[in-house]
Amino acid sequence: MSELRETTYLEAIRDAMAEEMRRDDRVFILGEDIGVYGGAFKITEGFLQEFGADRVIDTPISEAAIVGAAIGAAHMGLRPIAEMQFIDFIAPAFDMIVNFAAKSRYRTGIGAGLVIRGPCGGGSRSGPFHSQNVESYFVNVAGLKMVAPATARDAKGLLTAAIRDPDPVLYFEHKYLYRRVKEMLPIEEEIVVPLGVARTHRAGSDLTIVTYGGMLYKTAEAAELIAGEDGAEVEVIDLRSLRPLDTDAIVASVRKTGRLLIVHEASEFGGFAGEITAQVSEHAFEWLDAPIRRVAALNTPVPYAAALEDYYLPQVDDIAAAARWLLAY
Amino acid sequence: MSELRETTYLEAIRDAMAEEMRRDDRVFILGEDIGVYGGAFKITEGFLQEFGADRVIDTPISEAAIVGAAIGAAHMGLRPIAEMQFIDFIAPAFDMIVNFAAKSRYRTGIGAGLVIRGPCGGGSRSGPFHSQNVESYFVNVAGLKMVAPATARDAKGLLTAAIRDPDPVLYFEHKYLYRRVKEMLPIEEEIVVPLGVARTHRAGSDLTIVTYGGMLYKTAEAAELIAGEDGAEVEVIDLRSLRPLDTDAIVASVRKTGRLLIVHEASEFGGFAGEITAQVSEHAFEWLDAPIRRVAALNTPVPYAAALEDYYLPQVDDIAAAARWLLAY
Amino acid sequence: MLLTRGLEERLEILLKQGHLVGSIYRSLGQEATAVGSAFALGAGDWLAPSIRDMGALLVRGLDVRDVLRQYTARGTSLCAGKDNTNHFTVPELGLLGPISPLGTQLCVLNGVALAFQQRRQSCVCMTYQGEGASRTSASHEGFALAAALGLPIVVWLEHNRWAFGTPSSRESAVGDWLDAAAMYGVPAQSVDGNDVVAVYAAARTAVDRARTGGGMTILVAETYRMLGHAQHDAQKYVLEAELEQWRARDPIDRCVAVLSHMGASGAELDGIRRTVAAELDQAVDEVLAEPPPLADDARTRVYASANLDAAVPWTRGPVPGYGGIAPHVRLRT
Amino acid sequence: MLLTRGLEERLEILLKQGHLVGSIYRSLGQEATAVGSAFALGAGDWLAPSIRDMGALLVRGLDVRDVLRQYTARGTSLCAGKDNTNHFTVPELGLLGPISPLGTQLCVLNGVALAFQQRRQSCVCMTYQGEGASRTSASHEGFALAAALGLPIVVWLEHNRWAFGTPSSRESAVGDWLDAAAMYGVPAQSVDGNDVVAVYAAARTAVDRARTGGGMTILVAETYRMLGHAQHDAQKYVLEAELEQWRARDPIDRCVAVLSHMGASGAELDGIRRTVAAELDQAVDEVLAEPPPLADDARTRVYASANLDAAVPWTRGPVPGYGGIAPHVRLRT
Ligand SMILES: Cc1ncc(C[n+]2csc(CCOP(=O)(O)OP(=O)(O)O)c2C)c(N)n1
Ligand SMILES: Cc1ncc(C[n+]2csc(CCOP(=O)(O)OP(=O)(O)O)c2C)c(N)n1
Ligand SMILES: [Mg+2]
Ligand SMILES: [Mg+2]
């Protein structure tokens, strides 16, 4: 077994990119301030020195052009990683993603194997434009894949898999976890987490909670609370991939527990919980002993002030209350 | 009672705009080729002559700038209607819509009462970029309203309401219906259909089908088929508004029939049916006698060839098969 | 140019006959820009034509049958019937097709050029854009990035006076489109877009510059769109006098004049015309005999893995039921 | 300019003291551009400052307390604690704030100018944009539309040599930013952005042109960003010699020199400094005493109608249950 090192979520992202760039010279990264400056969050610190300006490309402030160039380079067999300085700034590249990247293989037979990654999520008092969760913008777009790691291991393993994937992958990294989440990971050993496979974070037989990304930790905390105080065992499923979605894992768990709660950080209305509800409704209706419920953010933009943002975001108490409601149902 | 005239869906849209422009000089329209040319579908034919170049503004090909200007004009108290030549081209304006228009009131207290409208939908062999249904891009974005009329009366009434509404409204007009759908409508009489209120297109007690936009007609046809052949009565609810969503109407119907089918023309995965399923799951779980099911398009882009597009789109037979499955459940 | 014009005329006939639906964006009057410029590229170079550059596709070696197949939505078409109009992406021919949202293609071609640059290949990219499209967001970002990175790319701005149904002078305040280049800090040149030889010469210079590390060049083709935007546009808004003026500058007539001047005989030219017509006749017959795609193919090729093909709708299985998992297994227990 | 600089220094202190989170984008060294230009506007005109134009906000009459309230997320702030940094939209002062995605603000200001144009009001709009932002898609569309429609608008391109942590020369091939204007076919002029009088003069000319129907002008302010992008950026990538050079051109020092030359005494100037400091001290004390917003206000003002306020999460009601409709009414019947 190889040596272990404490690795933050942020370092896991950096390591995945650096290791893939060392292994495969087709991998390169492009984005704003990633070279000379080393990235807004210093994720690509030292990359320019190690890999050179050909593979660590500082671009103009132009997200559409960044994604576009990644698509073209992917057509040529390269493996581009396009960084959005904040995932909120994926919006100007929306057209390139949903119309060019997503539809490329279907229309032409030529794929666009690229990764678009960037910091998402709230909790860090960053206001309406640096806190968003954007998965729902893309959830109805066939041709895209989407992942949202919650642990350092998954951050590394999913990014490695995404870089190698022949299809366009949106990789949502939660900035609140960057330096808060740490894990012992093997040094220089390849970790690959396949896209489309959920992970059972905590086993249980009384209630299934499906979540992903930043909400994993609050969910796990609520599950422990309930185990301690109520003696009920909550199964926590960390989706990791949103598309492809591991419907089998969700359905199997719900068929076991008979109860489902879905937790996500994006606003409730039109959020990803809807698709999960529809899938479970179709695949496990007869096993349901209670309504499928969801805990998600308010149906508003993300507010700035601490009191407002805390109110806006789902909290451990919300998850625990919902879980208890379902358990008592 | 005022005189009636046969009015196509397209004419209803034109009439709504022209009448509002006559009534209220704050209303104006901007977009590509809407002035000199009269619009790609000739909806604004004659507008330049009647209302002048100040209120019928030919813009450069720049959807972001069009929406941006509409926001600024709305801030100043005007009531802009921004036309997207095809609704597919709303993608380059995505950032302006979700980040500027939608969040404006929340952030600043100043609203952006504007309408963005354009032809959506398939069935006319227009290929992957002139056939899309784009509602899911926006469904998780608080601050927006969205409507999708199916009848000529609703096309007129919803557009009038949208123009008068103080919030940003996305108005999806189905191009397949433009000249195929006709109705007798009063001449020069104001029709206002409030946003957020669904319409029971057909009453029934055995099964609820919720749909909107282009799929209303196929759904209604399937309902008639089943009434004739199976003797079961299907209730067809035409949502008209997607946001605000008339959850009460849906829930009331499902509580009555115990069975729900959702039909939409966009791809299934991540489509609007998810949100409806989640709402019904929350509000009417105990009334459900069968799983909530959905009929929607394939999880692919919209293909061009007739055989492919027909396969891609939900058809009357699909709706009838699903309905029968639910009725038999 | 004769082939281009002939092919587009066949497409119009096929449309009238009901063999194809949708739009044809004719390049009538602009053939010289597409054809002359494409000849300046070599093997390994990439070309990204807009919808009005049929000629460039043909010069790069696209088979007229492939064009016909795509327009008539044959199952044998390069895109398997899934896309339409002039969207041809053919890596073997170095062709990158557009998608409909204008301006985006340049951004993607940048990535191709970037690959050349990274691999130290001395290959070049060329693309085209209407003056209307130059106002789009994507176009601007594409230009700016190509300029900033010094990519080996040549961009034609086709100033054909129109954008759909609106004169481009109404949609912009630009006087001389050559100025547009200044914003990006790259060399630029104006060319008579209806003169195939002048087009070639300018393209050649720009291509050579890009090939030798000189970065992007912007070339402005001064030309005119002689027909409506597409078939459904009768172009009623155009002054006949203006058309007349430009008809006198027809690129084929001018080329014929030059060739005659250089000694080509009428018989030789007629021979070429006949060859082209025969080729087109045969191609049309051949393609029309080919089958449409199979409906079920609508499900495939969304992702690289066939496991991720779209499922057959549950309503279309022999017995309705969800993918092997019958929801009613535990029915009312 | 003194007020701007003083206010930004207070914000830095407040940040260090933990009274505010998030970023402060200092305008150190660039105050003259914002201040001088804003003075060229009159009542009824609108101004849309970027994040580095604090001075323009103050000139237009924004209360320093409102700035402090927003940064420290008071419930009393103009945005009710919902937005941050220099995003101030205040119709009564003719202020349109930016949102974070760069370039978008110009597009929206166009709409304000359009309203003036439609109503035949002789009012004018002015806005600012970094050279980095000028590469964005929205910026381009905004310029192009304003030019095409001849809108009464003045746009400052603040060429401060940097875009976040990257020299702008690395992000573009533009030599002279004045050239950027050519693309849109409108008049343009370069200005010493650190000379408040020169800025005012150029702004005045452009504003007058816009007011009298002459359309858009682009003004390039040659200046320098003397600090990092935001607080978290220590600007390690900047050469000290370059900073030294620009420090010698500090806009306040230069303005003081001019005033002294015109006869202002040291005592007078010190008096102004003291007044500014006192005003700021008082404002800080006042604002810090004000309360944060109430959590529940997070739900409001998404739509015009309070009926559409976000619901209280069902998990937070006294008895969990969905908005009056108890799902278990028919429980296991
Ligand atoms: C983003 C976007 N908006 C609108 C359209 C619709 N549209 C297709 S072609 C066209 C006019 C193009 O004019 P120009 O770029 O000058 O090219 P030309 O047709 O003159 O060759 C328009 C508006 C589009 N394809 N993409
Ligand atoms: C669309 C978009 N992409 C990225 C960012 C992140 N960002 C904020 S400021 C900035 C640099 C801006 O540079 P410039 O426009 O020159 O303004 P300056 O800071 O120099 O005043 C970047 C990249 C953003 N705000 N918007
Ligand atoms: Mg044109
Ligand atoms: Mg700058």
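What you see below is based on every heavy atom in this structure, not just the backbone, and it leaves out hydrogens, waters and symmetry mates. Fair warning: this is a prediction, and the values are worked out from it, not measured in the lab. Sequence lines set the chain letters: A, B, ... in the order given, protein chains first and strands last, and positions in each chain run from 1.
Both the backbone and the side chain of P293(D) come within less than 4.5 Å of a heavy atom of chain A. Residue contact with chain A, scored on non-hydrogen atoms closer than 4.5 Å, involves the backbone and the side chain of T136(D) alike. Looking at S126(A), only its backbone comes within 4.5 Å of chain D, counting heavy atoms on both sides. Contact annotation for A322(A): both backbone and side-chain heavy atoms come within less than 4.5 Å of a heavy atom of chain D. For A306(A), no part lies under 4.5 angstrom from a heavy atom of chain D. With a 4.5 Å cut-off on non-hydrogen atoms, I66(A) does not touch chain D at all. Of the two parts of Q70(D), only the backbone, made up of N, CA, C and O, holds a non-hydrogen atom closer than 4.5 Å to a non-hydrogen atom of chain A. For E309(A), no part sits under 4.5 Å from any heavy atom of chain D, backbone or side chain. For H229(D), no part lies near chain A; criterion is any non-hydrogen pair under 4.5 Å. Looking at L294(D), only its backbone comes within 4.5 Å of chain A, counting heavy atoms on both sides. Contact annotation for D309(D): neither backbone nor side-chain heavy atoms come within less than 4.5 Å of a heavy atom of chain A.
Between chain A and the options A138(D), A133(D), P167(D), G81(D), heavy-atom pairs under 4.5 Å are most frequent for G81(D). With respect to chain D, the highest number of heavy-atom pairs below 4.5 Å among A307(A), G39(A), A296(A), S267(A) belongs to A307(A). Ranked by heavy-atom pairs shorter than 4.5 Å toward chain D, the options G35(A), G38(A), P128(A) are led by P128(A). Of the listed residues (V302(D), I99(D), T72(D), V312(D)), the greatest number of heavy-atom pairs within a distance under 4.5 Å of chain A belongs to I99(D). Ranked by heavy-atom pairs under 4.5 Å with chain A, the first of G165(D), S168(D), A73(D) is G165(D). Listed options T59(A), D58(A), D88(A) were ranked by heavy-atom pairs under 4.5 angstrom with chain D; first place goes to D58(A). Put simply, of R135(D), K82(D), R301(D), the one with the most heavy-atom pairs under 4.5 Å next to chain A is K82(D).
A 4.5 Å side-chain heavy-atom check between L308(A) and D297(D) finds at least one atom pair inside the cut-off. F129(A) is listed as a side-chain neighbour of D83(D), based on a closest heavy-atom distance under 4.5 Å. E32(A) has its side chain out of reach of T166(D): every pair of non-hydrogen atoms, C-beta onward, lies at least 4.5 Å apart. Counting heavy atoms from C-beta outward, D33(A) and E171(D) have side chains that approach closer than 4.5 Å. Inter-residue side-chain proximity for S134(D) and I61(A) is flagged as unmet; no heavy-atom pair is nearer than 4.5 Å.
Between the side chain of N299(A) and the backbone N or O of A310(D), no donor-acceptor pair lies under 3.5 Å. Proximity of a side-chain donor or acceptor of W314(D) to a complementary backbone N or O of R294(A) within less than 3.5 Å is detected. For Y304(A) (side chain) and Y71(D) (main-chain N/O), a donor-acceptor pair under 3.5 Å exists by modelled atom type.
If you take OH on Y311(A) and CZ on R299(D), they are separated by 5.0 Å, rounding to the nearest 0.5 Å. We find the CZ-OH distance between R170(D) and Y37(A) to be 15.0 Å, quoted to the nearest 0.5 Å. The distance from atom CD of Q315(A) to atom CZ of R316(D), rounded to the nearest 0.5 Å, is 6.5 Å. Atom CD of E63(A) sits about 8.0 Å away from atom CG of L102(D), to the nearest 0.5 Å.
The two residues H130(A) and S100(D) make their nearest non-hydrogen contact at CE1-OG, 3.2 Å. Listed here is the closest heavy atom pair of Q85(A) and F164(D): OE1-CD1, 3.3 Å.
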Could you tabulate the donor-acceptor pairs under 3.5 Å formed by side-chain atoms of residues 90-99 of chain A, not counting sequence neighbours?
unit_1 : atom_1 : unit_2  : atom_2 : d
D95(A) : OD1    : N99(A)  : ND2    : 2.7
N99(A) : OD1    : K103(A) : NZ     : 3.3
N99(A) : OD1    : Q132(B) : NE2    : 3.0

